[in-house]
Amino acid sequence: MATILGISAFYHDSAAALVRDGEIVAAAQEERFTRVKHDHRFPQHAVDYCLAEAGVTPERLDAVAFYEKPLLKFERLLETYLALAPHGFKSFTMAMPLWLHQKLFLPREIDHGLGDRYEGPIYFIRHHDAHAASAFFPSPFREAAILTLDGVGEWTTTSWGIGRDHRIELKKEVRFPHSLGLLYSAFTYYTGFKVNSGEYKVMGLAPYGEPKYVDRILEHLIDLKEDGSFWLDQSYFDYCAGLTMTSEKFHALFEGPPREPESQLTQRDMDLAASVQVVTEMAMTRMARHVHRETGLENLCLAGGVALNCVGNGRILRDSPFRNLWIQPAAGDAGGAIGAALFAWHQILDKGRTPTPHDSQHGSCLGPSYTRAQITTYLDSVGARYLAFDDEHALLERLAAMLEAGKVIGWVQGRMEFGPRALGGRSILGDPRNTEMQKNMNLKIKFRESFRPFAPSCLEERVSDYFEMNCASPYMLLVAPIQSDRRQAMTDEQQQRFGIEKLNVVRSDVPAITHVDYSARVQTVDSERFPRYYRLLKEFDQRTGCGVLVNTSFNIRGEPIVCTPEDAYRCFMFTDMDALVLEDVLCLKEEQPHMPGVEEYKKEFKLD
């Protein structure tokens, strides 16, 4: 038996994962414990959780694997700064202290994080090898092509290769500074959103716009080849050595400075989002077709931050020759912790692998869970009122009735999800048929931009009743069109609307999850990965004839997804959720005592 700890840290979304004999035992992001969104520090809390969940101490670990080669990354930073000097001096002076005091001394940092009690080997895995390992090794395929796409690792920004049995081999790559992820991040910055966290807002904003700038992007910014390879004109960007993503030449090309964060969105911002989304989809599908021509395989595995672009993933599935697609649920840097540990087990230690019919990601439910005793102890400590159910069916029956009545429910069940999507472990749920649900959830519960769409959770066996897809999508990483017979015809006036005016038009019989382009980011729910969530959906279906629920992550704007009962109760009390269910314990909002600070918090978001 061998136990391996995987770590991703110090850049974005630090995480830890523990693998025992090739099986993923635990994985979690540091942000969920510290409550600092995208926490990049050493994942001390996540490491401690993984060790505790596996019942091991640092002395009993057989190996530690880190998801990057820090010296190779440092080489890239130095070469880039030297090539561009003196430009970038300020950025250089800001970056160097962290490298000289911490990032260049990772063995020391890892030793400290393990209490100076670990004396075994530390393997440093190349960033895109870790991504590729996270994509292929947990997949259900014995053999598959692999495509990794992100901002940048050490030098690589995009790679493709092949996985067979317990080995992976990356064959081709695109190198920094040419990066599809950084191109998308440049538009994220330019449209006023935060880089490394706002990219999904750009993807959600895109359907409100027209792709007017596609030709301009292809003519000036990116030389995109038929095989999906590409080259970026660096004179339009400033990410190599500057403190921003875009240059004055970029701003001149698009006729204005970047949008100020939180300022009013314009039609131009929406058109820019639509345009970069189209270009990204073009690049992704061209790459996929090229990889299929080169490998002749029918299965494709994806990882890297760009693989969280679920619209692009859906395009690959529809428009490439690959028959089957598996995407790492934590496709960004966090998933590198799983990839590093699995790479060490299979590739370095040369241990075999037996794929499972679904996958070996366990529904990505790899984080902490809480007992009824832990839940009620906390609720009692804050004077909360609650009802504990011993009959699961009675609980689900009551919840289904509340959802049918338009109530919004916070749902905490089992182990916390690993990755950015709520999959029925830490979710906020609503009735997708309710025409006010999207607006109310965005403004009164999530405290976020009104244009943001919500995702559906659908009974796996009923997915084709609602969406133009006939495959499983358990990790909410595929976008598909709503079935045509569920769409509602728009009036002439509605069809003439532009931009944000498209919002709040009823487009289908499940309007709360139907985006303005008649699409939805689909999660299929099966009884094996998500048993209680599946049973709730079945109960709602039997009651209403609707096999779908609105499922959004259990958090509010600017905060990570909740982890503990305390996190969940606080979020519940600080929003207009109607009910909270923690395992089999139900709290109703109208019965709860006053919590100090609620009024001030809501005033901050202009909800008073």
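The basis for the numbers below is simple: all heavy atoms, side chains too, and nothing from hydrogens, waters or symmetry mates.
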Quiz item: Counting distance only, does the side-chain N/O of Asp129 pair as donor-acceptor with the main-chain N or O of Ile125 below 3.5 Å?
Solution: no
Exercise. Look at Asp227 together with Lys225 and state whether they make a salt bridge at an N to O cut-off of under 4.0 Å.
Key: no
Practice problem: For atom CZ of Arg126, decide whether the heavy atoms of other residues, nucleotides or ligands shown that lie under 6.0 angstrom number more than 12. | Solution: no
Practice problem: Check Asn299 against Glu143 and note the closest heavy-atom contact, atom names and distance. | Solution: ND2-O, 3.1 Å
Self-check item: Over all atoms of both residues, closest heavy-atom pair of Pro138 and Gln328
Solution: CG-NE2, 4.1 Å
Self-check item: Heavy-atom donor-acceptor pair, Glu460 side chain to Ala472 backbone, under 3.5 Å
Solution: no
Quiz item: Looking only at side chains, do His251 and Thr246 share a donor and an acceptor under 3.5 Å apart?
Solution: yes
Quiz item: Are any side-chain N or O atoms of Ser8 and backbone N or O atoms of Ala15, one a donor and one an acceptor, separated by less than 3.5 Å?
Solution: yes
Exercise. Would you check if His290 and Ser229 make a side-chain contact, meaning some heavy-atom pair closer than 4.5 Å?
Key: no
Exercise. Please lay out, stage by stage, how Ile168 and Phe343 fare under the test side-chain contact (heavy atoms from CB on, under 4.5 Å).
Key: CA-CA 9 Å; Ile168 60 173; Phe343 188 95; 4.0 Å; yes
Practice problem: Tell me yes or no: between the side chains of Asn309 and Glu199, is some donor less than 3.5 Å from an acceptor? | Solution: no
Quiz item: Any chance the side chains of Thr156 and His128 put a donor and an acceptor closer than 3.5 Å?
Solution: no
Exercise. Tell me, with the steps shown, if Arg507 and Arg487 meet side-chain contact (heavy atoms from CB on, under 4.5 Å).
Key: CA-CA 6 Å; Arg507 289 177 168 77; Arg487 302 182 187 186; over 6 Å; no
Quiz item: Do side-chain atoms of Glu255 reach the backbone of Ala252 as a donor and acceptor pair under 3.5 angstrom?
Solution: no
Quiz item: Got Leu300 and Thr295 here, is their nearest side-chain heavy-atom distance under 4.5 Å?
Solution: no
Quiz prompt | Ring geometry between Tyr533 and Trp411 (parallel below 30°, tilted from 30 to 60°, perpendicular above 60°) | solution = tilted
Quiz item: Below 4.5 Å, heavy atoms only, C-beta onward: do Ser139 and Asp359 meet side chain to side chain?
Solution: no
Quiz item: Any idea which heavy atoms bring Val510 and Thr514 closest together, and the distance?
Solution: O-OG1, 2.9 Å
Quiz item: Is there side-chain contact between Thr280 and Leu180, with at least one heavy-atom pair below 4.5 Å?
Solution: yes
Self-check item: Nearest-0.5 Å distance, OG1 of residue Thr244 to CG of residue Asp238
Solution: 4.0 Å
Quiz item: If you draw a 6.0 Å radius around CG in Asp485, do more than 12 non-hydrogen atoms from other residues or ligands fall strictly inside?
Solution: yes
Quiz prompt | Test side-chain contact (heavy atoms from CB on, under 4.5 Å) applied to Val550 and Met441, step by step | solution = CA-CA 10 Å; Val550 178; Met441 275 190 163; 3.6 Å; yes
Quiz item: Any idea how His220 and Tyr236 line up, ring-wise: parallel (<30°), tilted (30 to 60°), or perpendicular (>60°)?
Solution: perpendicular
Practice problem: Would you mind reporting whether Leu221 and Phe237 have side-chain heavy atoms less than 4.5 Å apart? | Solution: yes
Quiz prompt | N/O donor-acceptor pair under 3.5 Å between Arg35 side chain and Glu559 backbone | solution = no
Quiz item: Centroid-to-centroid, Phe254 to Phe187, below 6.0 Å?
Solution: yes
Exercise. Answer yes or no: does atom CZ of Arg318 have more than 12 heavy-atom neighbours from other residues, nucleotides or ligands under 6.0 Å?
Key: yes
Quiz prompt | Within 45° cone of Phe10 ring axis and under 6.0 Å: Lys73 NZ or CZ | solution = no
Quiz item: Passes side-chain contact (heavy atoms from CB on, under 4.5 Å), Leu272 versus Leu205? Steps please.
Solution: CA-CA 9 Å; Leu272 287 164; Leu205 187 63; over 6 Å; no
Quiz item: Do NZ/NE/NH1/NH2 and the carboxylate oxygens of Arg76 and Glu68 come within less than 4.0 Å?
Solution: no
Practice problem: Hey, could you give me the CD1/CE distance between Ile316 and Met284, rounded to the nearest 0.5 Å? | Solution: 4.0 Å
Quiz prompt | Beyond-backbone contact of Arg529 with Tyr475, side-chain heavy atoms, under 4.5 angstrom | solution = yes
Quiz item: Nearest 0.5 Å, what's the CG-CG distance between Leu537 and Leu459?
Solution: 4.5 Å
Quiz item: Given side chains that start at C-beta, do those of Tyr239 and Leu232 come closer than 4.5 Å, heavy atoms only?
Solution: yes
Self-check item: Min side-chain heavy-atom separation Phe467-Ile513 under 4.5 Å
Solution: yes
Quiz item: Shortest non-hydrogen contact from Ser179 to Gly151?
Solution: OG-O, 2.6 Å
Quiz prompt | Rounded distance (nearest 0.5 Å) linking atom OG1 of Thr158 with atom NE2 of His131 | solution = 10.5 Å
Practice problem: Answer yes or no for Arg268 and Tyr213: cation-pi contact, defined as NZ/CZ to six-membered ring centre under 6.0 Å and angle to ring axis within 45°. | Solution: no
Quiz item: Is a side-chain N or O of Ser427 found less than 3.5 angstrom from the main chain of Leu429, in a donor-acceptor match?
Solution: no
Quiz item: Taking NZ, NE, NH1 and NH2 as the nitrogens, is one of them in Glu219 or Arg216 under 4.0 Å from a carboxylate oxygen of the other?
Solution: no
Quiz item: Looking at Val214 and Val279, what are the two nearest heavy atoms and their distance?
Solution: CG1-CG2, 4.1 Å
Quiz prompt | Residues in side chain to side chain donor-acceptor pair (under 3.5 Å) contact with Lys194, at least two apart in sequence or another chain | solution = none
Quiz item: Does Thr188 offer a backbone N or O that forms a donor-acceptor pair with the side chain of Ser185 under 3.5 Å?
Solution: no
Quiz item: Is a side-chain donor or acceptor of Gln483 paired with a backbone partner of Ser464 at a separation under 3.5 angstrom?
Solution: yes
Self-check item: Thr191 OG1 to Asp271 CG distance, which is reported to the nearest 0.5 Å
Solution: 12.0 Å
Quiz item: Between the main-chain N or O of Leu317 and the side-chain N or O of Ser320, is there a donor-acceptor pair closer than 3.5 Å?
Solution: no
Exercise. Determine, using ring centers only, whether Tyr208 and His515 are less than 6.0 Å apart.
Key: yes
Quiz item: When rounded to the nearest 0.5 angstrom, what distance separates CE in Met245 from SG in Cys240?
Solution: 9.5 Å
Quiz item: Between the side chain of Ser364 and the main-chain N/O of Glu417, is any donor-acceptor distance below 3.5 Å?
Solution: no
Practice problem: State, to 0.1 Å, how close Tyr466 and Cys546 come at their nearest heavy-atom pair, and which atoms those are. | Solution: OH-CA, 3.4 Å
Exercise. Output, in order, the C-alpha distance, side-chain angles, deciding distance and verdict of side-chain hydrogen bond (donor to acceptor under 3.5 Å, both in side chains) for His358 and Asp526.
Key: CA-CA 10 Å; His358 271 150; Asp526 61 79; 4.7 Å; no
